[in-house]
Amino acid sequence: MRAAVKALIFDVDGTLVDTEEIHRQAFNETFASLGLDWNWHRALYGKLLQVTGGKERLLHYLARYRPDEAPEWADGVKEIHALKTARYTALLEQGEIAFRPGIARLIEEAVSTGRRVAIATTTTRANVVALLQHATPKINASAFEVIVAGDEVARKKPSPEVYDEVLRQLGIPASQCVAIEDSANGVLSACRAGIPTLATPSLYTMGDDFFGAFAVMSDLGEPQRSFVHIDGAGFDEEMVSVAAIDRWLSLSRFLPRGSRGKGLHPPLVTALEMTQ
Ligand code: XBP
Ligand code: MG
């Protein structure tokens, strides 16, 4: 019997839009506006991204790279981050922001075939709202039935909490959903919640280890513009479609195995296995 996916759960940063360069710009402009000589260049930001959440990233930066200034600024991190959020949303208003290939298409297809769509993100809710307002092609924000953002759970990714909360609000078992992520921390978070996960690496996560994802591809693909298949399911597809996801879900080897928290990684199947 074919399993039909009931809900698609999307990460935001790196998955809906490749946003981290905009986050980095917002952080750096905020530091400059406060007269701080902190500069998060690309190589450094790549390392800092291992710590999810802007406030957590700031605290880590102070402890690791600015230990002398840490006592002075640690209490101000919340305020610095609020300024950064204001700057980030202002940058989204100004810029031409595009959804990654296949995002708008897949969401439209999901909604029109009666599937539910949700967001599980580490970023701040205001950033999600601004992104959905300004990114093109336009997606009706009401398509996202459930949105759970970073500060709405106690622990950010790679903890499963944000996905657990999305599942709770949707009222759907993890095995009937698919998560779409761009980073190792995101894949880990979704897999720990028991959700079959597909990964589309982004600028800063191309070198990540996507162990646990049932498929890895360059992006979701568009008609006449196929994704580049990287690993797992989808070697014989051009686009990630709802029909393809239904097909993949019906193959039990893609589903997370074992019990919660005990090495809960679905096998990353190879193209060879797919032909069996
Ligand atoms: C991305 C993050 C976020 C952003 C910055 O996670 O880790 O911290 O870098 O956003 P995800 P904030 O891909 O899971 O959304 O500064 O608002 O935290
Ligand atoms: Mg992400």
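Quick note: residue numbers are just sequence positions, from 1.
- In terms of heavy atoms, Ser202 sits closest to Gly14 at CB-O, 3.4 Å.
- Proximity of a side-chain donor or acceptor of Asn28 to a complementary backbone N or O of Trp40 within less than 3.5 Å is detected.
- Annotation: salt bridge (Lys or Arg N to Asp or Glu O under 4.0 Å) contacts involving residues 205-215, sequence neighbours excluded, are absent.
- Side chains of Glu165 and Gln169: a donor-acceptor N/O pair is present below 3.5 angstrom, by distance only.
- Defined by atom type and a distance below 3.5 Å, a donor-acceptor pair is missing between the side-chain atoms of Arg192 and Tyr163.
- Glu152 places a side-chain N or O within 3.5 Å of a backbone atom of Ala149 that can act as its donor or acceptor partner.
- At distances below 3.5 Å, not a single donor-acceptor pair connects side-chain atoms of Glu222 with backbone N or O atoms of Pro101.
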As a quick check of understanding, evaluate side-chain contact (heavy atoms from CB on, under 4.5 Å) for Arg42 and Glu21, giving each step before the final call.
CA-CA 8 Å; Arg42 279 187 174 184; Glu21 279 298 88; 2.9 Å; yes
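- The shortest side-chain heavy-atom distance between Pro223 and Met239 falls under the 4.5 Å cut-off.
- Environment of CD in Glu108: sparse, with no more than 12 heavy atoms of neighbouring residues, nucleotides or ligands closer than 6.0 Å.
- Put simply, OG on Ser226 and CE on Met217 are 9.0 Å apart, with the number rounded to the nearest 0.5 Å.
- Here CD1 of Ile147 is found 9.5 Å from OG1 of Thr121. Values are rounded to the nearest 0.5 Å.
- Using a 4.5 Å heavy-atom cutoff, the side chains of Lys84 and Asn127 are in contact.
- Closest non-hydrogen pair, Leu249 versus Ala4, comes out as CD1-C, 4.5 Å.
- Atom CG of residue Leu198 and atom CG of residue Leu220 lie 6.5 Å apart, to the nearest 0.5 angstrom.
- Looking at heavy atoms from C-beta onward, Tyr65 lies in side-chain contact with Leu48 at the 4.5 angstrom threshold.
- Under the 4.5 Å side-chain contact rule for hydrophobic residues, Val51 and Leu188 do not share a cluster.
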Apply the test side-chain contact (heavy atoms from CB on, under 4.5 Å) to residues Leu36 and Thr30: give CA-CA distance (whole Å), side-chain angles for both, the deciding distance (0.1 Å), then the verdict.
CA-CA 9 Å; Leu36 295 165; Thr30 303; over 6 Å; no
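- A side-chain donor-acceptor contact under 3.5 Å links Asp18 to the backbone of Leu203.
- For the pair Leu167 and Ile9, the minimum side-chain heavy-atom distance is below 4.5 Å.
- A donor-acceptor contact shorter than 3.5 Å links the side chain of Ser218 to the backbone of Val228.
- Here the shortest heavy-atom pairing between Phe227 and Val240 reads CE2-N, 3.7 Å.
- The backbone N or O of Ile195 lies less than 3.5 Å from a partner atom in the side chain of Thr197, making a donor-acceptor pair.
- Not a single donor-acceptor pair under 3.5 Å links the side chain of Thr124 to the backbone N or O of Ala126.
- The minimum heavy-atom distance linking Gly194 with Ala174 is given by the pair O-CB, 3.4 Å.
- Between Val111 and Val117, the shortest heavy-atom distance links the atoms CG2-CG2, 4.1 Å.
- Under a hydrophobic-cluster definition in which Ile, Leu, Val, Met, Phe, Trp and Tyr are linked whenever side-chain heavy atoms come within less than 4.5 Å, directly or via other members, Leu83 and Trp73 are assigned to the same cluster.
- The CG atom of Leu106 sits 12.5 Å away from atom CZ of Phe99, with the distance rounded to the nearest 0.5 Å.
- Val129 and Val17 fall into different hydrophobic clusters, where Ile, Leu, Val, Met, Phe, Trp and Tyr are joined by side-chain heavy atoms under 4.5 Å apart, directly or via other members.
- Taking every heavy atom of both residues into account, Arg66 and Asp37 meet most closely at NH1-OD1, 3.1 Å.
- A distance-only check finds a donor-acceptor pair linking the side chain of Ser183 to the backbone of Gly186 [under 3.5 Å].
- With hydrophobic clusters built from ILVMFWY side chains whose heavy atoms lie under 4.5 angstrom apart, Leu58 does not share a cluster with Ile22.
- Applying the side chain to side chain donor-acceptor pair (under 3.5 Å) test to every pair with at least one member in residues 136-147, sequence neighbours left out, gives these pairs: Arg116-Glu145, Asn140-Ser142.
- Surrounding CZ of Arg225 are more than 12 heavy atoms belonging to other residues, nucleotides or ligands, all under 6.0 Å away.
- A continuous path of Ile, Leu, Val, Met, Phe, Trp and Tyr side chains, each step under 4.5 Å between heavy atoms, connects Ile245 with Phe144, placing both in one hydrophobic cluster.
- Distance CG/Leu44 to NE2/His41: 4.5 Å, rounded to 0.5 Å.
- Judged by distance alone, the side chain of Thr15 and the main-chain N or O of Val12 form no donor-acceptor pair under 3.5 Å.
- For Pro201, the side chain to side chain contact (heavy atoms under 4.5 Å, CB included) criterion is met by Thr205, Met206, Phe210, Val216, Ile230, not counting sequence neighbours.
- Note on Arg105 versus Glu109: salt bridge recorded, some NZ/NE/NH1/NH2 to OD/OE distance being below 4.0 Å.
- Relative ring orientation between Tyr61 and Phe31 is described as parallel, the plane-to-plane angle staying below 30° on a 0-90° scale split at 30° and 60°.
- Exactly one of Asp151, Thr123, Thr122, Asn185 qualifies for a side chain to side chain donor-acceptor pair (under 3.5 Å) with Lys156. That residue is Asp151.
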What pairs of donor and acceptor atoms, side-chain ones from residues 87-94 against any protein atom, are under 3.5 angstrom apart with sequence neighbours left out?
from: Arg87; atom 1: NH1; to: Glu29; atom 2: OE1; distance (Å): 3.4
from: Tyr88; atom 1: OH; to: His23; atom 2: NE2; distance (Å): 3.4
from: Thr89; atom 1: OG1; to: Thr85; atom 2: O; distance (Å): 3.2
from: Thr89; atom 1: OG1; to: Ala86; atom 2: O; distance (Å): 3.0

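- For residues 174-184, every residue pair satisfying the salt bridge (Lys or Arg N to Asp or Glu O under 4.0 Å) rule, not counting sequence neighbours, is listed here: Lys157-Glu181.
- No more than 12 heavy-atom neighbours from other residues, nucleotides or ligands sit within 6.0 angstrom of NZ on Lys6.
- With values rounded to the nearest 0.5 angstrom, Arg125 atom CZ is found 9.0 Å from Ile119 atom CD1.
- In terms of the side chain to side chain donor-acceptor pair (under 3.5 Å) criterion, residue partners of Thr19 (sequence neighbours excluded) are, by chain and number, Asp13.
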Evaluate the side-chain contact (heavy atoms from CB on, under 4.5 Å) criterion for residues Leu16 and Asp11: first the C-alpha distance (whole Å), next the side-chain angles of each, then the deciding distance (0.1 Å), finally the verdict.
CA-CA 7 Å; Leu16 293 186; Asp11 166 51; over 6 Å; no
Should Glu237 and Trp248 be marked as a side-chain contact (heavy atoms from CB on, under 4.5 Å) after you check the CA-CA gap, both sets of side-chain angles, and the distance that decides it?
CA-CA 11 Å; Glu237 306 277 345; Trp248 296 330; 3.8 Å; yes
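- Within the 3.5 Å criterion, the main-chain N or O of Leu8 finds no donor-acceptor partner in the side chain of Arg115.
- Val178 places a side-chain heavy atom less than 4.5 Å from the side chain of Phe214.
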